[in-house]
Amino acid sequence: MAIRIFETDPDARPKQTFSDDTVGRFHGGKQVDNLPVALSEWRVTTGDPEVADDIAQLMGGTPVETDSTSENFIEILTTQDKVKVVLSGPDAISSDLKLWNGSALIHHCDGVEFLSPDEDRGKPCRCPGLMDDRKAAAKAKRGPSPSIAVTFRLAEDYDLGLFRLQTGSWKLAEVLHEVENALDRVGGEALCSLELELVEYTTKKGRDVSYRKPVIRVLKSYNDAIAEPKF
């Protein structure tokens, strides 16, 4: 269930966050000297050396052990900005809105109602109804930002296991309902393209802007894809 940007279904409720049984994670950036740095190709982290080797073989890059204290301590800076993946359906995507104060979660909602704490669950969160207003509130630290998680398998190595992408991208949040609708139409496992798409434009003041945004393109049924003849 996507973040509720516009109230269209009074009975809609976001799906619960899935259990983390993944073998690795995809990232569109990394921390350098405690500062976030955007990347032009996918970065993958894992705690399994065999998974790291397979990722490097499929997507380029070299597995490097990091000093991270997390369980995912092998990093691969791949040479690919897009990869074919398999999503199980709309349930492969979880999304909500969160505002943190350090390590404390102080606002957690779906854009219409609070999701936590328990005593506030179901109460109106009073977030703005329009996306631009929500973004402005988040930028001013007065409102929550998207928290989107996507689980998937690699189409070229399906049995390697589940991977996860966690992102706070507003651009993805804006179209997440379209992705979920496309997955729903497939009605089963879907072959998708997971991309870090380059966005470039010039502002009215003449400043050139360039950045990468995560994109999920639903291509076709995975069963249909594997049934196609190989030449």
Q. Under 3.5 Å, is there a donor-acceptor pair linking the side chains of Gln166 and Ser147?
A. yes
Q: Could you list all the salt bridge (Lys or Arg N to Asp or Glu O under 4.0 Å) pairs where at least one residue sits in residues 143-159, not counting sequence neighbours?
A: none
Q) Is Lys84 atom NZ crowded by more than 12 heavy atoms from other residues, nucleotides or ligands, each under 6.0 Å away? A) no
Q.
So Pro214 and Leu194, do their side chains get closer than 4.5 Å, heavy atoms only?
A. no
Q. Parallel, tilted or perpendicular: which fits the ring planes of Phe26 and Phe152, with parallel below 30° and perpendicular above 60°?
A. perpendicular
Q | Distance, nearest 0.5 Å, that separates CD1 of Ile93 from OG1 of Thr151 | A | 8.5 Å
Q.
Taking side chain to side chain contact (heavy atoms under 4.5 Å, CB included) as the definition, give me every residue that meets it alongside Asp184, ordered by chain and number, with sequence neighbours left out.
A. Pro90
(Q) Could you measure the distance from the SG atom of Cys192 to the CG atom of Leu183? Nearest 0.5 Å is fine. (A) 5.0 Å
Q) Sequence neighbours excluded, which residues qualify as side chain to side chain contact (heavy atoms under 4.5 Å, CB included) partners of His27? A) Arg25, Arg43, Thr45
Q | Distance, nearest 0.5 Å, that separates SG of Cys127 from CG of Asp110 | A | 9.0 Å
Q: Report the C-alpha separation of Ile74 and Thr66 in whole Å, then their side-chain angles, then the decisive distance to 0.1 Å, and conclude whether the side-chain contact (heavy atoms from CB on, under 4.5 Å) test is met.
A: CA-CA 6 Å; Ile74 304 175; Thr66 71; over 6 Å; no
Q. Are Glu200 and Arg212 within salt-bridge range, i.e. N to O under 4.0 Å?
A. no
Q: Output yes when a side-chain donor or acceptor of Asp33 lies under 3.5 Å from a complementary backbone atom of Leu35, and no otherwise.
A: no
**Q.** Co-members of the apolar cluster containing Tyr211 [side chain, <4.5 Å]
**A.** Val199, Tyr201, Val209
**Q.** Cluster check Val218, Leu176: I/L/V/M/F/W/Y, side chain < 4.5 angstrom
**A.** yes
**Q.** Side chain Ser221, main chain Asn223, donor-acceptor under 3.5 Å
**A.** yes
Q: Please round to the nearest 0.5 Å and tell me the distance separating atom CG of Asn101 and atom NE2 of His107.
A: 14.0 Å
Q) Counting N and O atoms only, with roles assigned by atom type, does the side chain of Arg134 sit under 3.5 Å from a partner on the main chain of Pro128, one being a donor and the other an acceptor? A) yes
Q) When hydrophobic residues are tied together by side-chain contacts of less than 4.5 Å, even through go-betweens, does Trp42 share a cluster with Leu58? A) yes
Q: Say whether, by atom type as modelled, one donor and one acceptor occur between the side chain of Thr203 and the main chain of Arg207 under 3.5 angstrom.
A: yes
Q: Kindly give the cluster partners of Val32, where membership spreads through any ILVMFWY side chain lying under 4.5 Å from a current member.
A: Val37
**Q.** Distance in Å, Leu219 CG paired with Asp224 CG, rounded so as to fall on 0.5 Å steps
**A.** 12.0 Å
Q.
Main chain of His177, side chain of Asn181: is a donor-acceptor contact present, judged purely on distance under 3.5 Å?
A. yes
Q.
Does atom CD (Gln57) have a neighbourhood of more than 12 heavy atoms from anything else shown, all under 6.0 Å?
A. no
Q) Within a radius of less than 6.0 Å around CD of Glu119, do more than 12 heavy atoms belonging to other residues, nucleotides or ligands occur? A) yes
Q) For Ala190 and Val186, which heavy atoms make the closest approach, and how far apart are they? A) CB-CG1, 4.0 Å
(Q) side-chain contact (heavy atoms from CB on, under 4.5 Å), that's the test. Do Glu65 and Glu75 meet it? Break it down for me. (A) CA-CA 6 Å; Glu65 292 192 14; Glu75 175 184 82; over 6 Å; no
Q) Are there more than 12 heavy atoms of other residues, nucleotides or ligands under 6.0 Å from atom CD of Gln31? A) yes
Q | Validation row: Lys141, Trp100 side chains within 4.5 angstrom (heavy atoms) | A | no
Q: Compare all side-chain heavy atoms of Val23 with those of Leu162 and state whether any distance is below 4.5 angstrom.
A: no
**Q.** Thr167 side-chain N/O to Ile148 backbone N/O, donor-acceptor pair under 3.5 Å
**A.** no
**Q.** Tyr222 side chain near Val86 side chain, heavy-atom distance below 4.5 Å
**A.** yes
**Q.** Polar contact flag, side-chain donor to acceptor under 3.5 angstrom, Ser193-Glu195
**A.** yes
(Q) Which heavy atom of Met59 sits nearest to which heavy atom of Gln80, and what is that distance? (A) O-CG, 3.3 Å
Q. So which heavy atom on Ser40 is nearest to which on Asp81, and how close?
A. O-CB, 3.3 Å
**Q.** Sub-4.5 Å side-chain heavy-atom contact between Lys213 and Leu172
**A.** no
**Q.** Where Ile76 and Gly60 come nearest, the two heavy atoms and their spacing
**A.** CG2-O, 3.6 Å
Q: Looking only at non-hydrogen atoms, find the nearest pair between Cys109 and Asp96 and report the distance.
A: O-CB, 3.5 Å
Q: In sequence, state the C-alpha distance, the side-chain angles, and the governing distance for Glu174 and Lys135, and then conclude on salt bridge (Lys or Arg N to Asp or Glu O under 4.0 Å).
A: CA-CA 11 Å; Glu174 290 173 359; Lys135 292 169 67 175; 3.7 Å; yes
(Q) Using side-chain contact (heavy atoms from CB on, under 4.5 Å), reason through Leu154 and Leu160 one step at a time and then give a plain yes or no. (A) CA-CA 7 Å; Leu154 300 179; Leu160 189 58; 4.1 Å; yes
Q: List the atom of Ser145, the atom of Trp170, and the distance in Å for their closest heavy-atom pair.
A: CA-CZ2, 3.9 Å
Q. What's the spacing between Ile55 CD1 and Thr62 OG1 if we round to 0.5 Å?
A. 13.5 Å
(Q) Is there a continuous path of hydrophobic side-chain contacts, each under 4.5 Å between heavy atoms, that joins Val83 to Val215? (A) no
**Q.** Electrostatic pair Glu197:Arg217 at N-O distance under 4.0 angstrom
**A.** yes
(Q) Set out, in order, the CA-CA distance, both residues' side-chain angles and the distance that settles side-chain contact (heavy atoms from CB on, under 4.5 Å) for Arg121 and His108, then state yes or no. (A) CA-CA 9 Å; Arg121 178 183 290 272; His108 182 204; over 6 Å; no
(Q) Starting from Val85, can I reach Leu39 by hopping between I/L/V/M/F/W/Y residues whose side chains sit under 4.5 Å apart? (A) no
Q) Which other residues end up in the same hydrophobic cluster as Leu99, if Ile, Leu, Val, Met, Phe, Trp and Tyr are linked when side-chain heavy atoms come under 4.5 Å apart? A) Ile106
